[in-house]
Amino acid sequence: MVWRTPYETVALTQILVPFTPGTNLDGEEFSFSNEGLILGAFSLADQRDLGVWSRLVDQEFPDLSYNTLFIRSEWSVRERSNLAVSVPISRRANTVAITDVESRWQTILKPNRAFAGIIRAGIMPLVMMGPPTEEAWDTFCACVGQTLVG
């Protein structure tokens, strides 16, 4: 019998954004916006689910920019290099390596999987973790529409 991670999306609401330091892949310091979309992951292995979120956001909300966060407690030169070569050049300025020494992101977002979140006034009213199911995507779109677009 083959065991797989269940295909489900976990929704969290009203999460305080842990403003942690990071730099984008062009080497520039990153600062969180008070409002917007973020996508993120805790491992390069989550890139498949992250790619699905990214394509959906690009298609549904082409006028909204977003940052993609890769969150680790520390970054080795090799990990940083692997991240850099796995990201298209067009996304480098919006892809951020977050150094979360205190593991604040990992503590708040359990299980540690790919995620999509909406930031409004330093709070994430909705964070969807895991691969986007159809129901999860509909919920996310509705929240984006109420929070950022509408």
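These figures come from a predicted structure and were not determined experimentally. When reading the values below, keep in mind they use all heavy atoms of this one structure, side chains included, and skip hydrogens, waters and symmetry mates.
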**Request:** Check whether any side-chain N or O of Asp26 sits under 3.5 Å from a backbone N or O of Glu28 as a donor-acceptor pair, and report yes or no.
**Result:** no
**Message:** Keeping Trp75 on the side-chain end and Ile98 on the backbone end, is there a donor-acceptor pair under 3.5 Å?
**Reply:** yes
**Request:** Report yes or no: do Leu12 and Tyr66 belong to one cluster of Ile/Leu/Val/Met/Phe/Trp/Tyr joined by side chain heavy-atom distances under 4.5 Å?
**Result:** no
**Message:** Is there a path of hydrophobic side-chain contacts, each under 4.5 Å between heavy atoms, that joins Met124 and Met129?
**Reply:** yes
**Message:** Apply side-chain contact (heavy atoms from CB on, under 4.5 Å) to residues Trp137 and Val57 and explain how you reach the verdict.
**Reply:** CA-CA 10 Å; Trp137 177 245; Val57 167; 4.1 Å; yes
**Message:** side-chain contact (heavy atoms from CB on, under 4.5 Å), that's the test. Do Leu56 and Phe140 meet it? Break it down for me.
**Reply:** CA-CA 11 Å; Leu56 289 169; Phe140 187 78; over 6 Å; no
**Request:** Compare all side-chain heavy atoms of Ser86 with those of Leu44 and state whether any distance is below 4.5 angstrom.
**Result:** yes
**Item:** Hydrophobic cluster identity match, Val17 and Ile123, side-chain contacts under 4.5 Å
**Value:** no
**Complete:** Here the gap from Leu37 atom CG to Thr68 atom OG1, rounded to the nearest 0.5 Å, amounts to 10.0 Å
**Request:** Give a yes or no on whether the backbone of Cys143 and the side-chain of Thr147 come within a donor-acceptor separation of less than 3.5 Å.
**Result:** yes
**Request:** Determine yes or no for a side-chain-to-main-chain donor-acceptor pair under 3.5 angstrom, with Thr107 supplying the side chain and Ser103 the backbone.
**Result:** yes
**Prompt:** Do Arg80's NZ or CZ and the ring of Phe70 fall within the cation-pi criteria of under 6.0 Å and 45°?
**Reply:** no
**Asked** How are the rings of Trp105 and Phe115 set relative to one another: parallel (under 30°), tilted (30 to 60°) or perpendicular (over 60°)?
**Response** parallel
**Asked** Between atom CZ of Phe19 and atom OG of Ser31, what is the distance when rounded to the nearest 0.5 Å?
**Response** 9.5 Å
**Message:** If you define the side chain from C-beta out and look only at heavy atoms, does anything of Arg113 sit under 4.5 Å from Pro131?
**Reply:** yes
**Asked** If only atom types and distance count, is the side chain of Thr9 paired as donor or acceptor with the main-chain N or O of Thr133 below 3.5 Å?
**Response** yes
**Prompt:** Around atom CD of Gln14, are there more than 12 heavy atoms of other residues, nucleotides or ligands at under 6.0 Å?
**Reply:** yes
**Co-membership, hydrophobic cluster, residues Ile118 and Val52, 4.5 Å side-chain** = yes
**Asked** Hey, does the side chain of Asn34 reach the backbone of Gly122 with a donor-acceptor pair shorter than 3.5 angstrom?
**Response** yes
**Prompt:** When hydrophobic residues are tied together by side-chain contacts of less than 4.5 Å, even through go-betweens, does Val87 share a cluster with Phe42?
**Reply:** no
**Donor-acceptor contact below 3.5 Å, side chain Asp100 vs main chain Ile71** = no
**Request:** Kindly compute the distance separating CG (Leu50) from CG (Leu69), expressed to the nearest 0.5 Å.
**Result:** 9.0 Å
**Request:** Please tell me if the side chains of Trp53 and Asp46 come closer than 4.5 Å, counting only heavy atoms from C-beta onward.
**Result:** no
**Prompt:** Can you find a pair of side-chain heavy atoms, one from Leu83 and one from Leu25, that are under 4.5 Å apart?
**Reply:** yes
**Request:** With rounding to the nearest 0.5 Å, note down the distance linking OG in Ser33 to CZ in Arg120.
**Result:** 10.5 Å
**Message:** Measuring from atom CE of Met128 to atom OG1 of Thr13, what distance do you get when rounded to the nearest 0.5 angstrom?
**Reply:** 10.5 Å
